[in-house]
Amino acid sequence: MELFICDISMQGLGVVDVYSYFSWERRFYSAGKIKIKAPCTENNIALLKEGRIICRGDCKDGGIITKITLTTYEICVEGRMLSYLFDKKIVRGFGRISGYAEDAMYNLVNNVMVQDENNRIDNLYLDEKSGFLAEYSGYATYIDLAEMLYYITISSGIGFDILPDMDSKSLTFHCFEGRNVSKEVVFSAEFENLVSAEYAFDRECEVNAVTARYSGSDGAVTATVSPTNAMGTSRREICIEGKGVYRTVNVDGVYETVLDRAATLYLLEATAYKRLCSPKESFSGTTSISQTTVYREDFDIGDIVTIESELPKISAKFRIIAVKEVQTDGKIEVIPEFAAINEREII
């Protein structure tokens, strides 16, 4: 498999076709990772530089190099999938979001990456919307763009990526929806598509109740959210400090800045919801490349599938939150990672 190297303007610079190790991981709730080890030649040193885009001829997604390690005989580069371009970009002056999740994502990216000249990437375009019906309600202001987009993904099941195109020299923001293919796609030893498996459950990280509080000269506002209404030993609650929302009002011809208690309460609730955390229940396994389940065709990141395993004993629906392709010595492994379905989702 050839790896095409481009600069950020998607101008082709060359090809890397000899490497000893290749790892390409796509994730649903964060920017995936890439890693490549190749001979330390003058050509590879010239091509594999920080900020360069890596494209594959067999798929649409791409990565960006963020780290380089050189030894006498080998160059090792690491990076992230292109959604990493939204990392450390601040959403300013946006406010309340309510409506379709896809619309919210497009509006956020347009606001931060297209309209804001400080962040603008000239060859970044927005793809046509698909009309997904999943909704999202929340508050977005002075928050990292990537973090906000992944909040929406977690809540709605609508994922996103940035697709590079060498022909048009463009980067395209694109949304996609995780599919429920649990009836069609079953990972199990019986179907010879599950080679090894590992199940993990961890409750230490669980937060099922959050109290958010703002206190200022105009008074205090407190919001508590507990979707499961957990009580007794089951209740795991934290308290956080939130922000107040102020507005300017005209009082007898004099403009005054006052605390907007309703807007502050809404913001505190939205902030509290983001700090909720379910117990970590995950399942990872190595799949064999077979005719029964083909990666990117039968299953992909974000999809809901069925897992049936004897050791550990499992028969349940899980969402695919990551897929890692690893190639060493010409052998390719496809390693999906699964997580329990978000309790707010309706399947």
Side-chain angles (χ1 to χ4, degrees), residues 3-16 24-36 46-57 59-68 77-95 97 100-130 132 136 140-154 156 158-177 301-302:
L3 303 177
F4 301 93
I5 312 302
C6 305
D7 60 19
I8 192 66
S9 67
M10 290 306 299
Q11 181 66 46
L13 303 174
V15 177
V16 174
W24 192 271
E25 179 190 50
R26 297 165 63 224
R27 303 194 67 86
F28 195 51
Y29 296 141
S30 62
K33 299 180 180 181
I34 61 174
K35 186 173 184 179
I36 300 162
L47 286 177
L48 298 173
K49 293 182 179 294
E50 184 274 332
R52 296 278 168 85
I53 305 295
I54 300 178
C55 303
R56 294 168 51 175
C59 66
K60 294 182 178 180
D61 36 81
I64 183 169
I65 298 173
T66 60
K67 182 179 179 180
I68 303 168
V77 297
E78 299 177 57
R80 308 293 295 274
M81 301 306 290
L82 287 178
S83 57
Y84 177 76
L85 293 174
F86 294 155
D87 187 58
K88 295 183 175 63
K89 308 296 183 186
I90 302 301
V91 178
R92 306 174 192 273
F94 205 79
I97 298 174
Y100 294 126
E102 184 183 27
D103 288 346
M105 288 179 160
Y106 272 75
N107 290 337
L108 284 164
V109 173
N110 182 64
N111 178 272
V112 178
M113 301 301 299
V114 178
Q115 301 299 325
D116 188 338
E117 61 182 15
N118 292 320
N119 299 321
R120 183 183 301 132
I121 300 175
D122 290 335
N123 60 331
L124 175 66
Y125 300 95
L126 306 183
D127 199 2
E128 291 187 11
K129 296 178 184 179
S130 298
F132 300 128
Y136 176 80
T141 185
Y142 291 96
I143 186 173
D144 183 88
L145 174 61
E147 182 181 355
M148 189 65 231
L149 291 172
Y150 283 118
Y151 277 139
I152 298 175
T153 295
I154 292 170
S156 67
I158 303 297
F160 69 94
D161 49 23
I162 298 176
L163 306 179
D165 190 302
M166 294 180 62
D167 293 332
S168 63
K169 293 181 171 48
S170 64
L171 301 168
T172 302
F173 172 75
H174 166 79
C175 284
F176 62 94
E177 185 173 37
I301 58 170

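Along the sequence shown, the residues carry numbers beginning at 1.
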- Message: Run I152 and M148 through side-chain contact (heavy atoms from CB on, under 4.5 Å) and show every step you take.
- Response: CA-CA 7 Å; I152 298 175; M148 189 65 231; 4.1 Å; yes

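- For the atom pair CD1 of I64 and CD1 of I162, the computed distance is 9.0 Å after rounding to the nearest 0.5 Å.
- The two residues V112 and D116 come nearest to each other via the heavy atoms O-CB, 3.2 Å.
- Legend: residues meeting side-chain hydrogen bond (donor to acceptor under 3.5 Å, both in side chains) with R80, ordered by chain and number and at least two apart, are absent.
- Partners of I34 according to the side-chain contact (heavy atoms from CB on, under 4.5 Å) rule, which considers only residues two or more places apart in sequence or in another chain, are W24, I54, M81.
- By the side-chain hydrogen bond (donor to acceptor under 3.5 Å, both in side chains) test, D127 is found to be paired with H174, residues two or more places apart in sequence or in another chain being considered.
- Within a 6.0 Å radius of OH in Y100, no more than 12 heavy atoms belonging to other residues, nucleotides or ligands are found.
- When all heavy atoms are compared, the tightest approach of G62 to P164 is N-CD, 3.7 Å.
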- Kindly indicate, with the supporting measurements, whether the criterion side-chain contact (heavy atoms from CB on, under 4.5 Å) is fulfilled by M10 and C55. CA-CA 10 Å; M10 290 306 299; C55 303; 3.7 Å; yes

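- Scanning all heavy atoms of the two residues, the minimum distance from M166 to G12 falls at CE-CA, 4.1 Å.
- Counting heavy atoms from C-beta on, the side chains of F4 and R56 never come closer than 4.5 Å.
- When the salt bridge (charged side-chain N to carboxylate O under 4.0 Å, His left out) test is applied to E177, no partner is found at least two apart in sequence or on another chain.
- Of the possible donor and acceptor atoms, none in the side chain of N110 sits under 3.5 Å from a partner among the backbone N and O of V114.
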- Task: Decide yes or no on side-chain contact (heavy atoms from CB on, under 4.5 Å) for L126 and V109, but give the supporting numbers first.
- Result: CA-CA 8 Å; L126 306 183; V109 173; 3.7 Å; yes

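- Between T172 and D165 the shortest side-chain heavy-atom distance does not fall below 4.5 Å.
- To the nearest 0.5 angstrom, D122 atom CG is 15.0 Å from K169 atom NZ.
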- Between Y150 and F28, does a ring pair (Phe, Tyr, Trp, His ring centres under 6.0 Å) hold up when you go through it step by step? CA-CA 8 Å; Y150 283 118; F28 195 51; 8.5 Å; no

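- Minimum heavy-atom separation, L85 to L171: CD1-CD1, 4.2 Å.
- A distance of 8.5 Å separates CD1 in I5 from CZ in R52, rounded to the nearest 0.5 Å.
- Every residue two or more places apart in sequence or in another chain was checked for a side-chain hydrogen bond (donor to acceptor under 3.5 Å, both in side chains) with S130, and none qualifies.
- K129 pairs by the salt bridge (charged side-chain N to carboxylate O under 4.0 Å, His left out) definition with D103, not counting sequence neighbours.
- In this structure, CD on E78 lies 12.5 Å from CG on L48, to the nearest 0.5 angstrom.
- In this structure, T153 contributes its side chain and I158 its backbone to a donor-acceptor pair below 3.5 Å.
- No side-chain donor-acceptor contact under 3.5 Å links N119 to the backbone of M113.
- In this structure, the separation between CD1 on I154 and CG on L149 is 11.5 Å, given to the nearest 0.5 Å.
- The structure places CG of N111 at 9.0 Å from CG of L145, a figure rounded to the nearest 0.5 Å.
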- Task: Evaluate the criterion side-chain contact (heavy atoms from CB on, under 4.5 Å) for residue pair D87 and D144; output intermediate values, then yes/no.
- Result: CA-CA 7 Å; D87 187 58; D144 183 88; 4.1 Å; yes

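- At least one side-chain heavy atom of F176 sits under 4.5 Å from a side-chain heavy atom of I301.
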